[in-house]
Protein chains: 2
Amino acid sequence: METKNVKSLGKMVGVLDCFSTTERSLSVSEIAERTGLPRSTAHRSILALKEVGFLEQERSRDQYRLGMRLFQLGATVLNNLDLQRKARPFCETLNSLTSESVHLCVFDGERMVFVERATGGPTGDQNDTIVMEISPCYCTGVGKATLAFQPQPIIDRVIAAGQDRFTAHTLVEPEALRRELEEIRACGYALDREEHKLNVRCVAAPIRNSAGRVIASVSSSGPAKRMSEERQHELAPYVVSHAEAISKQLGWVPPEQA
Amino acid sequence: METKNVKSLGKMVGVLDCFSTTERSLSVSEIAERTGLPRSTAHRSILALKEVGFLEQERSRDQYRLGMRLFQLGATVLNNLDLQRKARPFCETLNSLTSESVHLCVFDGERMVFVERATGGPTGDQNDTIVMEISPCYCTGVGKATLAFQPQPIIDRVIAAGQDRFTAHTLVEPEALRRELEEIRACGYALDREEHKLNVRCVAAPIRNSAGRVIASVSSSGPAKRMSEERQHELAPYVVSHAEAISKQLGWVPPEQA
DNA sequence: CCTCCTTGTTCCGCATTGCGGGATGTTAGT
DNA sequence: ACTAACATCCCGCAATGCGGAACAAGGAGG
């Protein structure tokens, strides 16, 4: 499954995956240790990645960090992402159905990214403004809805990175979080019970791309007074069905379609 | 130079580089044609890239596009980019020196990205807001200053993508643009003569990272009245020296340092 | 000052990995 | 139905990447 073609590419990605927002720069042996590769192999891979601009070597030391080439490719992906465009009508109907504010967030591998794009100005041509708001994925509705459906290694990685307590309700215990994710997988939607911000509760459901992977989530959120546990479960079916509609719009085909 | 280690990685990157904001999705044979790879090799590479999430297959099946994994890595790069933090003091002094507004933009491979980050909120912890403003690189001071120092293939690619006319002064002729870049390389800074927006003129200078590559630029810009051609040349040394200071801060060491 | 230990870098022979021409499915157009 | 164009699969050959080991460069500690 993992190693069909171009096995070396797998190693390369393994090297890149050693880096994160907390592990900004690593040395050859740290990378070798994390990937389990022999030092010489790790070194050769790093050299290759440096040649193509996926890694850059720090000035003084033997430290490497992710290269600008990845930023370039990532920016292109962001630009080509037509999630927002395709999702907009569904977000709007969901908004009027629930009379609560609707959020659409993309998963970036460790955090949720709320992306808003304003193709602005009178010239109208290329001058985009993109506003990204980043929030943790373990204590928001959209975050948990997305995280629950990620492959196990990613979940482990997120949990291993540690959880900060934002409110009294934040799930900071790894086990509690894992149970919560289990439950989300079972029922198909996630609830935020003031885990990130006090007085904010929401219901969120996952969005799949054409490859079937969960890449984002939508949520309907409101103040605690209006958004009782009961109301959350009441709204859930609407949120889920709209998330599914968006998934289909992205080219996802539900399984068992004979 | 290109093919030292892990030659396959070069091909993989070649495949990824076929995509851009205008070429959102491509078929196997289009990729084969653009890369010059035999179809079967291209196909195998694509499969491998799909396995690691660098490419995704569209519903329509025969089309591929850049995958979310690249967005993830790009987001990490953006997050780890401490350009702004390191550049801030220099931008501030440049601002008081020139009494004009100062801009700091990063090159994303085809466009300039102005990045502003607000680590916001009372919680203060992980909840970042990032505002990105994207503008063309062929008709802004920061854009031309950066573009001029890119490797030839990237310049060719940008020029081949075509130039839109924003004002009467925009350089839309490829040859005129190439000559302009040549001049910028010679003098070390770029001038914007109302090429993007009427009544806005600026002086910009390139910023290099520790690898010596130009990844960004700073500019000082103002209204046409104040920013005469003469004043631009007057300010240039300040902009250039501050850009160099920022480069050094990023770990760049000037050549010929014996 | 010398020694030991850690870590980056280079070498080289072996066999695994990827190569690519061609065969085989699959879809679309007439 | 026939053809054309293209995606996908197959398989034998050899180039490619592998990784153990040697080498080099520091740094810490005695």
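Below, chain A is the first sequence line, B the second, and so on; all start at residue 1. Just so you know, these numbers come straight off a predicted model, no measurement behind them.
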Engineer: Got a sec, which residues hit ring pair (Phe, Tyr, Trp, His ring centres under 6.0 Å) with Tyr189(A), two or more places apart in sequence or on another chain?
Structural biologist: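 His233(A).
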Engineer: Dump the pairs, protein N or O against N or O of nucleotides 3-8 of chain C, anything under 3.5 Å, distances to one decimal.
Structural biologist:
{"from": "dG8(C)", "atom 1": "OP1", "to": "Ser27(A)", "atom 2": "OG", "distance (Å)": "3.3"}
{"from": "dG8(C)", "atom 1": "OP1", "to": "Val28(A)", "atom 2": "N", "distance (Å)": "3.4"}
{"from": "dG8(C)", "atom 1": "OP2", "to": "Ser29(A)", "atom 2": "N", "distance (Å)": "2.9"}
{"from": "dG8(C)", "atom 1": "OP2", "to": "Ser29(A)", "atom 2": "OG", "distance (Å)": "2.9"}
{"from": "dG8(C)", "atom 1": "N7", "to": "Arg39(A)", "atom 2": "NE", "distance (Å)": "3.4"}
{"from": "dG8(C)", "atom 1": "N7", "to": "Arg39(A)", "atom 2": "NH2", "distance (Å)": "3.3"}
{"from": "dG8(C)", "atom 1": "O6", "to": "Arg39(A)", "atom 2": "NH2", "distance (Å)": "2.9"}

Engineer: For Tyr64(B) and Gln57(B), does a side-chain donor sit closer than 3.5 Å to a side-chain acceptor?
Structural biologist: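 Indeed, the side chains of Tyr64(B) and Gln57(B) share at least one donor-acceptor pair under 3.5 Å.
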Engineer: Closest approach of Val158(A) and Gly109(A), non-hydrogen atoms and distance?
Structural biologist: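 Closest approach of Val158(A) to Gly109(A): CG2-O, 4.0 Å.
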Engineer: Take the protein atom CD of Glu51(B) and the nucleotide atom C1' of dG18(C), then report the distance between them rounded to whole Å.
Structural biologist: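 Roughly 13 Å, once rounded to whole Å.
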Engineer: Output yes when a side-chain donor or acceptor of Arg185(B) lies under 3.5 Å from a complementary backbone atom of Phe149(B), and no otherwise.
Structural biologist: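 Side chain of Arg185(B) to backbone of Phe149(B): no pair is present.
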Engineer: Please, which pairs that meet salt bridge (charged side-chain N to carboxylate O under 4.0 Å, His left out) have at least one residue in residues 144-153 of chain A, sequence neighbours excluded?
Structural biologist: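 Salt bridge (charged side-chain N to carboxylate O under 4.0 Å, His left out) check on residues 144-153 of chain A returns Lys144(A)-Glu180(A), Lys144(A)-Glu195(A).
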Engineer: Where the side chain of Arg157(A) meets the backbone of Asp17(A), is there a donor-acceptor pair that is under 3.5 Å apart?
Structural biologist: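 Looks like yes, one N/O pair under 3.5 Å.
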Engineer: Expressed as a whole number of angstroms, how long is the span from Leu47(B):CG to dT17(C):P?
Structural biologist: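 Between P of dT17(C) and CG of Leu47(B): 17 Å.
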Engineer: Assess, by modelled atom type and distance only, whether the side chains of Ser247(B) and Glu244(B) contain a donor and an acceptor separated by less than 3.5 Å.
Structural biologist: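 No donor-acceptor contact under 3.5 Å links the two side chains.
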Engineer: So how far off straight is the helix from dC1(C)-dG30(D) to dT30(C)-dA1(D), going by the axes through five pairs at either end, to 10°?
Structural biologist: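 Axis-to-axis angle, ends of the helix: 40°.
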Engineer: Would you please name every residue forming a side chain to side chain contact (heavy atoms under 4.5 Å, CB included) with Ser241(A), sequence neighbours left out?
Structural biologist: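 Partners of Ser241(A) by the side chain to side chain contact (heavy atoms under 4.5 Å, CB included) criterion come out as none, since no residue qualifies.
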Engineer: Would you mind telling me which of Arg65(B), Glu30(B), Gln63(B) makes a side chain to side chain donor-acceptor pair (under 3.5 Å) with Ser25(B)?
Structural biologist: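 It is Gln63(B); the other options fail the test.
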Engineer: Polar-atom pairs under 3.5 Å, protein N or O versus N or O of nucleotides 19-21 of chain D: list them with distances, or write none.
Structural biologist:
{"from": "dG19(D)", "atom 1": "OP2", "to": "Thr41(A)", "atom 2": "OG1", "distance (Å)": "3.0"}
{"from": "dG19(D)", "atom 1": "N7", "to": "Ser40(A)", "atom 2": "OG", "distance (Å)": "3.2"}
{"from": "dG19(D)", "atom 1": "N7", "to": "Arg44(A)", "atom 2": "NH2", "distance (Å)": "3.0"}
{"from": "dG20(D)", "atom 1": "O6", "to": "Ser40(A)", "atom 2": "OG", "distance (Å)": "3.1"}

Engineer: Counting only N and O atoms by type, is there a donor-acceptor contact under 3.5 Å from the side chain of Glu110(B) to the main-chain atoms of Thr21(B)?
Structural biologist: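 Judged by distance alone, yes, a pair lies under 3.5 Å.
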